[in-house]
2 protein chains.
Amino acid sequence: MDATPVWLRERRTGVGRPAERSRAEVTAAAIALADREGLAAVSMRRVAAELGTGAASLYRYVDSRDDLLDLMTDEVAAGYQLPAPDGPWLPQLLEVCRQGRSLMLRHGWLPELVLTRSALGPHGTDLLEHVLAVLAGHPADAGRKLEAFGVMSTLTAALALNELSGGSGARQRQGAYLAHVVAAGRHTHLTAALTGGPLVPAPLFDDTLSRVLVGLLGE
Amino acid sequence: MDATPVWLRERRTGVGRPAERSRAEVTAAAIALADREGLAAVSMRRVAAELGTGAASLYRYVDSRDDLLDLMTDEVAAGYQLPAPDGPWLPQLLEVCRQGRSLMLRHGWLPELVLTRSALGPHGTDLLEHVLAVLAGHPADAGRKLEAFGVMSTLTAALALNELSGGSGARQRQGAYLAHVVAAGRHTHLTAALTGGPLVPAPLFDDTLSRVLVGLLGE
DNA sequence: GGTGTTCGCGAACACTGTTTTCGAATGAGT
DNA sequence: ACTCATTCGAAAACAGTGTTCGCGAACACC
């Protein structure tokens, strides 16, 4: 029944044998491993091996693998560069989305974590604070602004995930089945959409998110 | 190098010993198990036990666990009731979203699958066909309509996931940390948003998706 | 009957997250 | 300098996981 999240469970009383590593080191090792071999490769044993230690040792720094995943997510969120809010809100939020996309393309495992687990750590709350600051003069109520933040994150992650799976075999399989569906004859609208003109006229990241945000918050 | 998806890899001819079960039966057992104990409980051994058979037998019906997950997703998508397209597009798309939400609340494991794996099976393509049919008279180009379909699915799943995690301990932990952040003093905008008025003024599912879709596709 | 082919599935392999356990290391108190 | 509570490191064990192999059994057709 320990309801306290990872972020405020720091140790260090100064007494006893000092730790040989830090939570930040463990997190960095996990991120490096995930960058190199994907999220599935991030097992306690492999992360420990990355640090030249035993798997059980990691539990001195982290309560569970899920905790480690949350730490990874928040650590990457430290990469956002957030200038002081100034001027119209839309371009500033788009800039946040662009940075998010860039971070997610650099760390291909991030979208999955952002989409399925929504824990906000220190850097995540900094990001949220920045978005709210950008929207400070906006007439929408607080609930709507928080919702906009969620939609921003979700859509950015989903679009990044799409881009990332573009080269892999997943697309090929999907394409193979869609080709079969088209050949089957039914699904006339799907066929028309897939055979007319350029199939994917470049995913306009900015345009999409801009339209969605304006729809949500107003001009 | 087998690039053919699950959907078009159907049973062989009538030669040899006949199978005792069907792919649909396996899928149904997996869904029942997931409904009862969550997605994590859907292991090959547990699904097999549900059917009173051995784990290895499942591989006669499915190439991998991931295949089984795709089958589960598409099977649930059979639950959509899609009337003939008629009238303005927005209410019809909202109806699709409402049904999606309902299906996802009934099957709490669905959002995660929809968000992280985007494979479209037979029923998924039927759904896409329906959405495209609803939008047949709409001036947007095909790429934008496909994008709208993706955004609809993603947002519906993300909102459903939010609703589902409302009662669990995840919310409590998140709240605990946010309370700590508010107490810390910095993050003035976050504090204002969290302490002013009703915290979550009822997640207006329809309103949110309606705004987003109108923003994306135009009035 | 034979034969070709498929099915069911016990056993095994290589993993996984996590707990237990205990020796070793340390800083504080005396 | 010596104790000693306290903390750390990590091997071993536990209870699982997805997947493959191999083999006997069951059927359709000739």
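Remember, predicted model here, so these are calculated numbers, not experimental data. Quick note on labels: first sequence line is chain A, next is B, and so on, each numbered from 1.
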Subject >> Presence of salt bridge, A:Glu112 and A:Arg117, under 4.0 angstrom >> reply: no
Subject >> Between C:dC15 (C1') and A:Arg46 (CZ): distance, integer Å >> reply: 12 Å
**OP:** Would you classify B:Val42 as touching base, sugar-phosphate or nothing, given that sugar-phosphate means primed atoms plus P, OP1 and OP2, and contacts are heavy atoms under 4.0 Å?
**Re:** sugar-phosphate
Subject >> Rounded interatomic separation in angstrom, taking CZ from B:Arg23 and P from C:dC7 >> reply: 11 Å
Original post:
Separation of B:Leu58 atom CG from D:dT17 atom P, in whole Å?
Top reply: 12 Å
Subject >> Value in whole Å for how far the P atom of D:dT20 lies from OH of B:Tyr59 >> reply: 7 Å
Original post:
Which nucleotide, D:dA10, C:dG8, D:dC27, lies nearest any side-chain atom of A:Arg21?
Top reply: D:dA10
Original post:
Where the side chain of A:Met44 is defined as all heavy atoms beyond and including C-beta, which of D:dC27, D:dT7, C:dG17 is the nearest nucleotide?
Top reply: C:dG17
Original post:
Within 45° of the axis and under 6.0 Å from the centre of the six-membered ring of B:Tyr61, does NZ or CZ of B:Arg21 qualify?
Top reply: no
Subject >> Closest to the A:Glu20 side chain, choosing from D:dT17, D:dG9, C:dT18 >> reply: D:dG9
**OP:** Say whether A:Trp7 and A:Asp70, considering side chains only, have a donor N or O and an acceptor N or O under 3.5 Å apart.
**Re:** no
**OP:** Report yes if at least one side-chain N or O of A:Tyr61 is closer than 4.0 Å to OP1 or OP2 of D:dG9; otherwise report no.
**Re:** yes
Subject >> Residue closer to the 5' end of DNA chain C, A:Arg45 versus B:Gly52 (nearest nucleotide) >> reply: B:Gly52
Original post:
Is the phosphate of D:dG9, meaning OP1 or OP2, less than 4.0 Å from a side-chain N or O of A:Arg60?
Top reply: no
Subject >> Which residue lies more 5' along DNA chain D, comparing B:Ala56 with B:Ala41 via nearest heavy atoms >> reply: B:Ala41
Original post:
Just how far, in rounded Å, is C1' of C:dT16 from CZ of A:Arg65?
Top reply: 9 Å
**OP:** Kindly point out which of D:dT7, D:dA25, C:dC9 is positioned nearest to the side chain of B:Thr53?
**Re:** C:dC9
**OP:** Please check the phosphate of D:dG9 (OP1 and OP2 only) for any side-chain N or O of A:Ser57 closer than 4.0 Å.
**Re:** no
**OP:** Just compare D:dT17, C:dT26, C:dT16 and give me whichever is closest to any side-chain atom of A:Arg17.
**Re:** C:dT26
**OP:** Could you tell me whether B:Gly16 contacts a base, only the sugar-phosphate backbone, or nothing, with contacts defined as non-hydrogen atoms closer than 4.0 Å?
**Re:** base
**OP:** Return the nearest nucleotide to the side chain of A:Ala19; candidates are C:dC7, C:dG17, D:dC8.
**Re:** D:dC8
Original post:
Do the side chain of A:Asp67 and the main chain of A:Val62 share a donor and acceptor less than 3.5 angstrom apart?
Top reply: no
Original post:
Would you call B:Arg186 and A:Glu129 a salt bridge, taking side-chain N to carboxylate O under 4.0 Å as the test?
Top reply: no
